[in-house]
Amino acid sequence: MADSKDIESATTAIILDGIVPDSRTRRYDRQLRLWAASGQSALEHSRILVLSSSATSSSILKNLVLPGIGHFTILDKSIVTPEDAGNNFFLEGPDSIGKSRAEETVHFLAELNEGVDGRADTRELRELLNDPKGAAEWLGTYTIVIAHNLDNGLLEKLSTLLWEDESLPPLVVVHSAGFLAEFAIQFHEHTIIESHLESSPSLRIDKAFPALRDYALSLDFQNMDPTDHSHIPYVVILVRVLEEWRNTHNGLPPQTYPEKQAFKAKISSMKRKFDEENVEEAESQAYRCWTTSAVPSEISALLSDPRLSQPALSLPPFFRLLKALKKFTERHDILPLTSTLPDMKANTEEYVKLQRMYKNRAAEEKAEIREILVEDGGAEGVDDVLIDQFVKNAHRLKILNGRKWGTLEKEKDGERIINALESSPKQAATHFGLSALQRVLSKRGNTNQSQRQGQLQPPKITIEELTAEAQALLPSGASLPETEWNEVAGELVRAPTADLPNSAAFLGGLVAQEVIKMITKQYVPVDGICVIDLIETWTGVI
């Protein structure tokens, strides 16, 4: 094995100014490209509570331990059974049978990442919840709580406790049986600065800032060297042509279709040779000249939040920045400029020159946001890094308003249920099937955890029993979709408590991904109930 390498030499590292990235940076290199240092820091300071050490719970944790969460606790008093040893990769086969399932799982999960702290808690959740005050204090030490196939009565008690106090962590509810599964996240409000949505920031071509406008007007296109002419960025070309157009059209951009075509022809006429790609790019981007740079409607909706009328210091940092952004937009009728430019046909010199202009202007406007924060008395605890992130992403901020687990079935008018049954019958049938299954098992005092007590055979459930329970969840007049329901009920009756390794692996990746979004406050998490069918291989959201 002369060609083999150790981890140090095999890891790709970027060396800047002679500084080699440390082992932590090399270990998390790929994910740092996804959520940067701020996201990684949030992960490393997170504390995760998982209720159950089932195969699915272990798979979820695996996908959280590997990227480097700070701490996890598994709360589970169960003992490892032969069934566990056969479906959970984080147990040592027959050698784990008879031992604490939580302790065994923690031991093997901790081996995945030495930087993550893991702990097993073998107390009974039911007893903990009997002391609501003590339970709330304990739960408040965690960043997020994950519950897999929790007894229906306990789940209702837990979700209510977490919902009653907005300072308590979000709850991720996961249900699975055989090849069917679902999960949802209970939270009050979730603010996102770095949503990574595809929406592009305005380049301000129609409202060029002074440095950009002056530069565009200073260029002598007629007498320019042909090579230099072919390397002028399309942004500069458009600003120049738009200024010339406005001078002859009462200060207005092209309004009608014929005017827009004439504008494009004017751009095309600037070609000095037939293959000037920068001019062709300018022609294709001409729409930016008559598309008004304004505050997007979705951001305007955020700026109308009534909380922004409160004193800045009484608000969380996100809303202090939002309050400052509102004042900025009232002054300028536009969002602050971002220094990020798209790729365009230009040589390095011209591109860097343009980028520098945007960067300088963006820095000026970021400084204005900072000044507004100071004037409002809301600068305390808001550092430049956060302001920079906020300004860069001002065009794609998000505020999600969540709901309590189980509210779908408790809505009085049942409108959402009826709409789901009509528009997404497969997803709806799967959700109500899994909900009905949990209720049937709870009524028997025989949840999926019953096997922990030595019951080797899964409980026998009939389709009629499951159908009656599911129908009871629907509003008056609504009915289950017959074809879809028969398929769902058949699978649930076949495997009411089966925690299959392949289903666990798939769910582990999906749920962990959404948990990471919640922790890092980056990307947009699933807003609703995510339903999974691994028989027909689809997912959907209700």
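Just so you know, these numbers come straight off a predicted model, no measurement behind them. Note that the numbering runs from 1 along the sequence shown for the chain.
- Judged purely by distance below 3.5 Å, without hydrogens or angles, the side chains of His395 and Thr338 never pair a donor atom with an acceptor atom.
- Counting heavy atoms from C-beta outward, Tyr358 and Leu212 have side chains that approach closer than 4.5 Å.
- Contacts of Asp305 classified as side chain to side chain contact (heavy atoms under 4.5 Å, CB included), with partners at least two apart in sequence or in another chain: Arg307, Leu308, Phe319.
- A search for side chain to side chain contact (heavy atoms under 4.5 Å, CB included) contacts involving Asp275 returns Lys273, not counting sequence neighbours.
- Checked by atom type and distance alone, the side chain of Glu281 pairs as donor or acceptor with a backbone atom of Lys345 at under 3.5 Å.
- Taking Asn360 as the reference, Arg356 meet the side chain to side chain contact (heavy atoms under 4.5 Å, CB included) condition, with sequence neighbours excluded.
- With a 4.5 Å cut-off on side-chain heavy atoms, Pro296 and Leu335 count as touching.
- At distances below 3.5 Å, at least one donor-acceptor pair connects side-chain atoms of Lys517 with backbone N or O atoms of Val524.
- In this structure the side chain of Leu302 reaches within 4.5 angstrom of the side chain of Leu322, judged on heavy atoms.
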Side-chain donor/acceptor pairs under 3.5 Å, residues 133-147, sequence neighbours excluded:
{"from": "Thr141", "atom 1": "OG1", "to": "Trp138", "atom 2": "O", "distance (Å)": "2.6"}
{"from": "Tyr142", "atom 1": "OH", "to": "Thr73", "atom 2": "OG1", "distance (Å)": "2.9"}
{"from": "Thr143", "atom 1": "OG1", "to": "Arg47", "atom 2": "N", "distance (Å)": "2.9"}

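- In this structure, the side chains of Arg119 and Val106 stay at 4.5 Å or more apart for every pair of heavy atoms.
- Distance alone, capped at 3.5 Å, is enough to place a donor-acceptor pair between the Thr329 side chain and the Leu325 backbone.
- The main-chain N or O of Ile232 is never found under 3.5 Å from a side-chain atom of Glu350 such that the two would form a donor-acceptor pair.
- Residues Ser159 and Lys404 have side chains that bring a donor and an acceptor to within less than 3.5 angstrom of each other.
- With hydrogens and angles left out, the side-chain atoms of Glu44 and Gln40 include a donor and acceptor closer than 3.5 Å.
- Atom NZ of Lys359 is surrounded by 12 or fewer heavy atoms from other residues, nucleotides or ligands within 6.0 Å.
- Two residues are said to be in side-chain contact when any heavy atoms from C-beta on lie closer than 4.5 Å; His71 and Val116 fail this criterion.
- Counting only distance, with no hydrogens or angles, the side chain of Ser59 and the backbone of Thr56 share no donor-acceptor pair below 3.5 Å.
- Using a 4.5 Å heavy-atom cutoff, the side chains of Ile529 and Val541 are not in contact.
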Checking side chain to side chain donor-acceptor pair (under 3.5 Å) for the pair Glu349/His231: CA distance, chi angles, key distance, verdict? CA-CA 9 Å; Glu349 181 182 353; His231 289 149; over 6 Å; no

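- By the 30° and 60° cut-offs, the orientation of the rings of Trp163 relative to His188 is parallel.
- Judged by distance alone, the side chain of Lys323 and the main-chain N or O of Gln310 form a donor-acceptor pair under 3.5 Å.
- Counting only heavy atoms from C-beta outward, the side chains of Arg320 and Leu373 approach each other to under 4.5 Å.
- Under a cut-off of 6.0 angstrom, the local environment of NZ in Lys392 is sparse, with at most 12 non-hydrogen atoms contributed by other residues, nucleotides or ligands.
- Exactly one of Ile532, Val531, Val526 qualifies for a side chain to side chain contact (heavy atoms under 4.5 Å, CB included) with Thr539. That residue is Ile532.
- With sequence neighbours left out, His175 forms a ring-ring contact (aromatic ring centres under 6.0 Å, His included) with Trp405.
- Two residues are said to be in side-chain contact when any heavy atoms from C-beta on lie closer than 4.5 Å; Leu400 and Phe187 meet this criterion.
- Considering only residues two or more places apart in sequence or on other chains, Asn393 meets the side chain to side chain contact (heavy atoms under 4.5 Å, CB included) condition with Ile193, Glu194, Arg396.
- Using modelled atom types, one finds no donor on one side chain facing an acceptor on the other under 3.5 Å when comparing Gln255 with His249.
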